[in-house]
Number of protein chains: 2
Amino acid sequence: MPKSGPSSHPAGLIEEIAEKIHARIISGDYKPGERLKQDLLAEEFGVSRTPIREALSKLDARGIVRLEMRRSATVSVPSPREVREMYQVRAELEGLAAELAAEWINDAKLRALEAAHEAFVKAATKLRAAKTARSRESALPKLSLDWIGTNEVFHQCIVEASGNSALARVLREVSAGYVRNLMLSSAAETNVLRMESNVASHAAILAAIREHDPARARAAMVGHIREGGDFVAAWFERRQVKS
Amino acid sequence: MPKSGPSSHPAGLIEEIAEKIHARIISGDYKPGERLKQDLLAEEFGVSRTPIREALSKLDARGIVRLEMRRSATVSVPSPREVREMYQVRAELEGLAAELAAEWINDAKLRALEAAHEAFVKAATKLRAAKTARSRESALPKLSLDWIGTNEVFHQCIVEASGNSALARVLREVSAGYVRNLMLSSAAETNVLRMESNVASHAAILAAIREHDPARARAAMVGHIREGGDFVAAWFERRQVKS
DNA sequence: AAGATCATTCTTGTATCCATAATGGGACTG
DNA sequence: CAGTCCCATTATGGATACAAGAATGATCTT
């Protein structure tokens, strides 16, 4: 497993708590508009209010909660429209990453990217087999996690290969965590078709980068992210009416 | 003066302190690699360590300081290369904003944008006059501030007109504050030529948006930001060898 | 009875405190 | 004399304490 990033590692309690709160928001435990009181969260997670505060601050920066002066943090689950907006931004940024990667990638990073792709294909294959087999006791959650993880590694490789550290930071800070949590929740409903489409997209992106074709790499990446955005937004719409 | 954004307003002490620390880093009071001890900062600003910590966390997210586990925050003044990287990201995001704005802007927002442009032209004219006159006691700092402010309003109008709130948030969070502080320091050295080029760029962007030409709006904006990035990076190089 | 006002309570923002991990210096040894 | 190991010092992360500003509810007035 590669280190999670080239940049600073608070790596600590705060980020962990932020992720947990985020997960609960996505899963619907905390409903939109609900007021998140620091005391309760502190008790919930068995820590004091201090790390809770910092976690909430991060979630505010990511647009997941709204933090106003002297008022409780309020859950701000995005509308499907906002999900689309976020993916539009992410598409732009990762498109840039792919373009730069196609231009500047070196042999070592290319090999790493190819390895990441292989791992992703393997994970997808296994997950697909498990899904079609419908075997009850198969470790489907674990396979889903693998799928998400290898997917993330692939994208991260490209960002790293772009050689633009500011880009890497922005993606980490404003979108990466969000996407991960969304995928964790929606992975269960991801069907075989979508998985195959994802594999194909990754292959196309990899090919464009290998052949140092920036324009094609960008286009492929933008399309890939948009596709994912459509799926997640749709899933979000369904979930919203359901709850 | 327009409100600083459509989104959440902690608007508080933390943000204020973050800006102050940032300004001191840019101005060179705190040198690259220097370790920022929370105690000292706390005394410096006459507050306790708690808000200092949160401010440092924000600065870490913005890439201005590096925050590692159980270690002091270290000043991380970007290399000219990193400045360029940051502007590349910003160009991408604001380019997207311009593209979307050209597509979706409505009459009210267009009028606001035109007003912002007029204010910018006016501020630029005054500043240019003051610079060429070289009158000693003229309120040159104030005029510089006006120039920076109106410039920011113009860009913000476009972002708002894009109708993509996620985009607005990302720009605010990761790049806007940075840019503002950089400009505050480098404005003094901005020459007349650059100011005129800036005015021309803004006019071109405005025209493209008015005529609903997304591709042209994006291209104009990307070029404009890149130009600014080159200038700031160059200024940064000069300053780095000087210190 | 409805609305407004004021007091109480609750929650956040900031300060202070304590435990733990890093740092730097000194002593000891090869 | 240099290198290394260990301990004291110091600074950070987290917990607790305190003050101040909202939200709420009760009471009084019209």
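Predicted, not measured: the structure shown is a model, and the values here were computed from it. FYI, side chains are in, hydrogens and waters are out, and symmetry mates aren't considered; it's all heavy atoms of this structure.
The CG atom of A/Leu40 sits 13 Å away from the C1' atom of C/dT12 (whole-angstrom rounding). Following rounding to the nearest Å, B/Glu43 (CD) and C/dA15 (C1') show an atom-to-atom distance of 15 Å. To the nearest angstrom, C1' of C/dT12 lies 13 Å from CG of A/Leu41. Atoms CG (A/Leu13) and C1' (D/dG13) sit 9 Å apart, rounded to a whole Å. If you measure from atom CD1 of B/Ile52 to atom P of C/dT14, you get 11 Å, rounded to the nearest angstrom. With rounding to whole Å, B/Leu67 atom CG is found 11 Å from D/dG13 atom C1'. Nucleotide C/dT12 holds its P atom 16 Å from the CD atom of A/Glu54, rounded to whole Å.
Annotation for B/Leu67 and B/Ser57: closest pair CD2-CA, 4.0 Å, computed over non-hydrogen atoms. Across all non-hydrogen atoms, the minimal contact from A/Val83 to A/Pro78 is CG2-CG, 4.0 Å.
In this model, the phosphate group of C/dT14 is not approached by any side-chain N or O of B/Ser48 to a distance below 4.0 Å at OP1 or OP2.
Between B/Glu16 and B/Lys20 there is a salt bridge, since a side-chain N of the basic residue sits under 4.0 Å from a carboxylate O of the acidic one. Taking a cutoff of 4.0 Å between a charged side-chain nitrogen and a carboxylate oxygen, B/Asp230 and B/Arg84 qualify as a salt bridge.
The main-chain N or O of B/Ser79 is found under 3.5 Å from a side-chain atom of B/Glu82 such that the two form a donor-acceptor pair. In terms of modelled atom types and a separation under 3.5 Å, the side chain of A/Arg169 and the main chain of B/Arg62 share a donor-acceptor contact.
By the 30° and 60° cut-offs, the orientation of the rings of A/His155 relative to A/His224 is parallel.
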Identify each atom pair where a protein N or O and an N or O of nucleotides 10-12 of chain D are less than 3.5 Å apart, giving names and distance.
unit_1	atom_1	unit_2	atom_2	d
D/dT12	OP1	B/Gln38	N	3.4
D/dT12	OP1	B/Ser72	OG	3.2
D/dT12	OP2	B/Gln38	N	3.3
D/dT12	O2	B/Arg70	NH1	2.8

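If you check the side chains of A/Ser165 and B/Glu85, you find a donor sitting under 3.5 Å from an acceptor.
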Under a 3.5 Å cutoff on both atom distances, Watson-Crick or G-U, what's the dot-bracket for DNA chain D ([ ] crossing, | other strand)?
-> ||||||||||||||||||||||||||||||
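Atom OG in B/Ser162 sits 8.5 Å away from atom NZ in B/Lys109 (nearest 0.5 Å).
If you check every strand for non-hydrogen atoms under 4.0 Å, A/Ile14 touches sugar and phosphate atoms only.
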